[in-house]
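Below is one structure, written out as structure tokens, with a few remarks after it.
Owing to the predicted nature of the structure, the values given are computational and were not obtained by experimental measurement. Lettering of chains follows the sequences in order, A, B, ..., and the numbering in each one begins at 1.
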Amino acid sequence: MISENPFAIFRNESESILIKAMKNFLPQMKLNNLQLKKPPNIDFGQLASSICFGLGKTLHKKPLDVADSLVAEIDSSYFDLIEKVVSAGGYINFHLNFSKFSTLTLLSIKQLNKEYGFVKTRLPEKIIIEHTSVNPLHPIHVGQARNPILGDALARILDQRGHSVFRHYYIDDVGRQSSVVAYGYDKLGRPQPNEKSDHYVGKIYTITCCLVEIIRLRKKVSKLELCSSSEELLKANTVLDEWLSIREELKQKYPSLYSALFEKIGSEINPDEDIIKLNLDYENGSPDAKNLVRSVSELCLKGFKETQKRINIFYDSWDWESDLVWSKKVINVLQKLRSSPFVYSDGDVLKFNSEKVAVSLALKPKLGLREDYEIPSLTLIRSDGTTLYTTRDIAYTQWKFSQAEKVINVIGMEQSLAQLQLKLALYALGDQDYADNFVHFAYNLVSLPGYKMSSRRGHYITFDEVLDEAIERAYKEVSKRSPNLSEKEKQKISNFVGIGAVRYALIDVDPSKPVVFTWDRVLNFETNSAPYVQYTHARACSILRKIECQPDNQNLSLLEKKLEHELILSLSSFPDIFLEAAEYLKPNIIADYVNTLADKFNSFYNAFPVIKAETTELRDARVLLTEAIKIVISNALALIGVFAPDRM
RNA sequence: GGGCUUGUAGCCUAGCACGGAUUAAGGUGUCGGCCUUCGGAGCCGGAGAUCGUGGGUUCAAAUCCCACCGAGCCCA
């Protein structure tokens, strides 16, 4: 017999046995959720019920006595995967018949192989996952790197669950910042970069920002000097000083690019005006502006794509915010919103009353909000007539729903309010179905110890730097450990080891927790890291390579050591872990699971011989166990985008 | 001022959605042991925790509820 979820068969059997016993024991009793849980120690069995504690209370008996009586009602003639059911300390413990269960589990894994664990949904959906969406102004930095790693893992998981997943990248090219880089790039004469293009664009952005900011602040200061508002003057001077010191930094770091830009921009009187004009022209779709802004953005995206290729992340669709504006989708949505009772004018500003939507549709409990919390309004149009990011995002979200049933946005949790308002806007537009299937997958920030990352100020560590460093470190390790490998092999290994380590480190922690970036965290090659798991996989492969062919009828009841039982139990739980990760969008539990599995296998490996087992029958059984472990490690790693090597 | 997120050994993390077991689970660092055994990126053992604080609910609280404190972010 084969099962896609062996442990679930045991769980179902245990549940129905317990229900049957309960019916005999207390016929009138209404059963509501008898959730069986895994006991803390395998010696207590593999599933346990704590139902007798509650029953003890209502029956005025000791839980232990209730458990004894209940167990007495259990009919062992129905047992299949169950070996015995015992009462212990008030609990009812279900023990597996490992001889049968090992066979079921290991043969299922061997047969399903690359498909094992990936239980398919009965209700496949079209799902759009928007992730990364870094503005095309500067390279992707460590603070942002958590996003593509999480988004890609989610996509892989939901894909394996049987959904049709589309990965979208939203290119925010409409804001003022895009015009700032474009302005700088234009002043330079629109050259082709002689370095990685997103890094080049990032430098132009930072230097241009700085120069423009200084000109603006100087004007402000001299204006303030005329009227005698000393407090404001002091404030402006402090900010100006800060930018002047950033300018010194930039001058040191990028001397030639700095002087080229300074020469063109330093003497300008009002660069802001040009930038604002460029921005307006771009929004209006003027060909010159289009040509300029798009060429800078494309340059930056070219660099992003190179980085993403390194870590094997790709997108099905690149969505330009500007396309959305030019296609009038934003205007159309605004018109529709205006005709709803939830939009009002506050002077020249157009606002969306999020609170009113939530109250009139009684959405607060559904959204997990307190009744007395008043949701702030969202500004849709500024007094100068321009739209805001979230306004355009409403149109974008509607467009996404025109081609998918579910939308998952992987966006930092600092955007929580905006994402909530966006959801409420969908309700206001009458698209309740969209709103219900709109998910903000929020993750906490990655920060650098000591200072704040700021892309405008050029204070960041790029994702490329992190990857380079990780690969270099891995190269040193490989050279140390396997000096006889060819240069080509060393490079190949250091590549998947370094990149695996980075991916693992960024996915391992619960997304809602803040992470402080340290090199130690990312460059860990020991226990609880991708290289550790990869090594374990290679180790299992190495054993399997040494075995010629194996018979089809192993006697798996010979696997009777506690470690072997724990391994089989762990292997059989992989489908459950996968389902939990898919259902609750928790990619980190996959990393956790595969590390624990590798841990157990390494303990087993040290304690018991496989190839040189006492008998050939035992050897064959352990070989099959090893093969199953290899398969499950490989399948789990695939979900988080980490390569499972045969050798390293 | 309001809201969201977060607080577990020196450091990093798991467990919290769904409350349960003698001993709160890993890693790192630290102390000690294992290379004539299938790959030492390994294994085994020791020391190290008032689960932020205080209340409450419960037979049972790291887990649920309330208040407060610290950190981060968002809105005003």
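Tested against A:R622 for a salt bridge (charged side-chain N to carboxylate O under 4.0 Å, His left out), the candidates A:E560, A:E564, A:E617, A:E627 yield a single pass: A:E564.
Using modelled atom types and a 3.5 Å distance limit, the side chains of A:E526 and A:S529 yield no donor-acceptor pair. Residues A:S377 and A:Y344 bring a donor and an acceptor atom of their side chains to less than 3.5 Å of each other. Using modelled atom types, one finds a donor on one side chain and an acceptor on the other under 3.5 Å when comparing A:K38 with A:S573. In this structure, a donor-acceptor pair under 3.5 Å is absent between the side chains of A:Y532 and A:N595. Side chains of A:S512 and A:N444: no donor on one and acceptor on the other come within 3.5 Å. When only modelled atom types and interatomic distance are considered, A:Y504 and A:N524 share no side-chain donor-acceptor pair under 3.5 Å.
Where A:A88 and A:I493 each meet RNA chain B at their nearest nucleotide, the meeting point lying more 5' is that of A:A88. Nearest-nucleotide assignment on RNA chain B puts the 5′-proximal partner with A:N595, out of A:K351 and A:N595.
A:H537 places a side-chain N or O within 3.5 Å of a backbone atom of A:P645 that can act as its donor or acceptor partner. Remark: the backbone N or O of A:D393 is not paired with any side-chain donor or acceptor of A:T390 at under 3.5 angstrom.
Residue pairs meeting the salt bridge (Lys or Arg N to Asp or Glu O under 4.0 Å) criterion with at least one partner in residues 486-512 of chain A, sequence neighbours excluded, are A:D152-A:R503. Sequence neighbours left out, not one pair with a member in residues 47-57 of chain A passes side-chain hydrogen bond (donor to acceptor under 3.5 Å, both in side chains).
Shown for residues 363-380 of chain A: residues whose heavy atoms fall under 4.0 angstrom of RNA chain B, namely A:Y373, A:P376.
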Quick test: give all pairs of protein nitrogen or oxygen and nucleotides 22-24 of chain B nitrogen or oxygen below 3.5 Å, distance rounded to 0.1 Å.
none

Scan nucleotides 70-73 of chain B against the protein and return all N/O pairs shorter than 3.5 Å with their distances rounded to 0.1 Å.
| residue | atom | partner | partner atom | Å |
| --- | --- | --- | --- | --- |
| B:C73 | OP1 | A:K452 | NZ | 3.0 |

Between the protein and nucleotides 44-49 of chain B, list every N/O to N/O distance that falls short of 3.5 Å.
| residue | atom | partner | partner atom | Å |
| --- | --- | --- | --- | --- |
| B:C44 | OP1 | A:S603 | OG | 2.8 |

Protein N or O to nucleotides 32-40 of chain B N or O, pairs below 3.5 Å:
| residue | atom | partner | partner atom | Å |
| --- | --- | --- | --- | --- |
| B:C38 | O2 | A:V610 | N | 3.2 |
| B:C38 | O2 | A:I611 | N | 2.8 |
| B:C38 | N3 | A:V610 | N | 2.9 |
| B:C38 | N4 | A:Y605 | O | 2.3 |
| B:C38 | N4 | A:F608 | O | 2.6 |
| B:G39 | OP1 | A:S542 | OG | 3.0 |
| B:G39 | OP1 | A:K546 | NZ | 3.3 |
| B:G39 | OP2 | A:K546 | NZ | 2.6 |
| B:G39 | O2' | A:Y535 | OH | 2.6 |
| B:G39 | O2' | A:R539 | NE | 3.1 |
| B:G39 | N7 | A:S542 | OG | 3.2 |
| B:G39 | O6 | A:M648 | N | 3.3 |
| B:G39 | N1 | A:M648 | O | 2.7 |
| B:G39 | N2 | A:M648 | O | 2.9 |
| B:G40 | OP2 | A:R539 | NH2 | 2.3 |

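A:F496 meets the ring-ring contact (aromatic ring centres under 6.0 Å, His included) test with A:F643; sequence neighbours excluded. With sequence neighbours excluded, no residue forms a salt bridge (Lys or Arg N to Asp or Glu O under 4.0 Å) with A:K37.
Taking the C1' atoms as reference points, B:U28 lies 29 Å from B:C73, given to the whole Å. Taking the P atoms as reference points, B:C51 lies 16 Å from B:U23, given to the whole Å. Comparing the same atom, P, in B:C44 and in B:G27 gives a spacing of 8 Å after rounding to whole Å.
Between atom NE2 of residue A:H565 and atom OG of residue A:S570 there is a gap of 14.0 Å, rounded to the nearest 0.5 Å.
Side-chain proximity of A:Y532 to B:C18, B:A41, B:C4: nearest is B:A41. Candidate nucleotides B:C18, B:C74, B:U58 were compared by shortest atom distance to the side chain of A:K57, and B:U58 ranks first.
Taking side-chain N and O atoms only, A:S512 has a distance below 4.0 Å to OP1 or OP2 of B:U6. Remark: A:T536 is not in phosphate contact with B:G42, judged by side-chain N or O atoms under 4.0 Å from OP1 or OP2.
A:S50 comes within 4.0 angstrom of a nucleotide base, judged by non-hydrogen atoms across all strands. Note on A:A48: a base of the nucleic acid sits closer than 4.0 angstrom, heavy atoms only.
Relative to the ring axis of A:F525, A:R473 places its NZ or CZ within 45° and under 6.0 Å from the centre.
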Footprint string (nucleotides 10-16 of chain B, 5' to 3'): B base within contact, S backbone only, - free, heavy atoms under 4.0 Å: --SSS--
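Salt bridge present: A:D576 and A:R11 bring a charged side-chain N and a carboxylate O closer than 4.0 Å.
Every stem involving RNA chain B, taken as at least 3 paired positions in a row under the Watson-Crick or G-U wobble test at 3.5 Å, is listed here: B:1-7 with B:69-75, B:10-13 with B:25-28, B:30-34 with B:42-46, B:52-56 with B:64-68.
Side-chain N/O atoms of A:E580 and base N/O atoms of B:A17 include a donor-acceptor pair closer than 3.5 Å.
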Counting only pairs under 3.5 Å, give me each side-chain donor-acceptor contact of residues 359-372 of chain A, with atom names and distances, residues two or more places apart or in other chains.
| residue | atom | partner | partner atom | Å |
| --- | --- | --- | --- | --- |
| A:S360 | OG | A:K356 | O | 3.0 |
| A:S360 | OG | A:V357 | O | 3.4 |
| A:K364 | NZ | A:E355 | OE1 | 3.2 |
| A:K364 | NZ | A:E355 | OE2 | 2.9 |
| A:K364 | NZ | A:E371 | O | 3.2 |
| A:K364 | NZ | A:Y373 | O | 2.6 |
| A:K366 | NZ | A:Y427 | OH | 3.4 |
| A:K366 | NZ | A:D436 | OD1 | 3.0 |

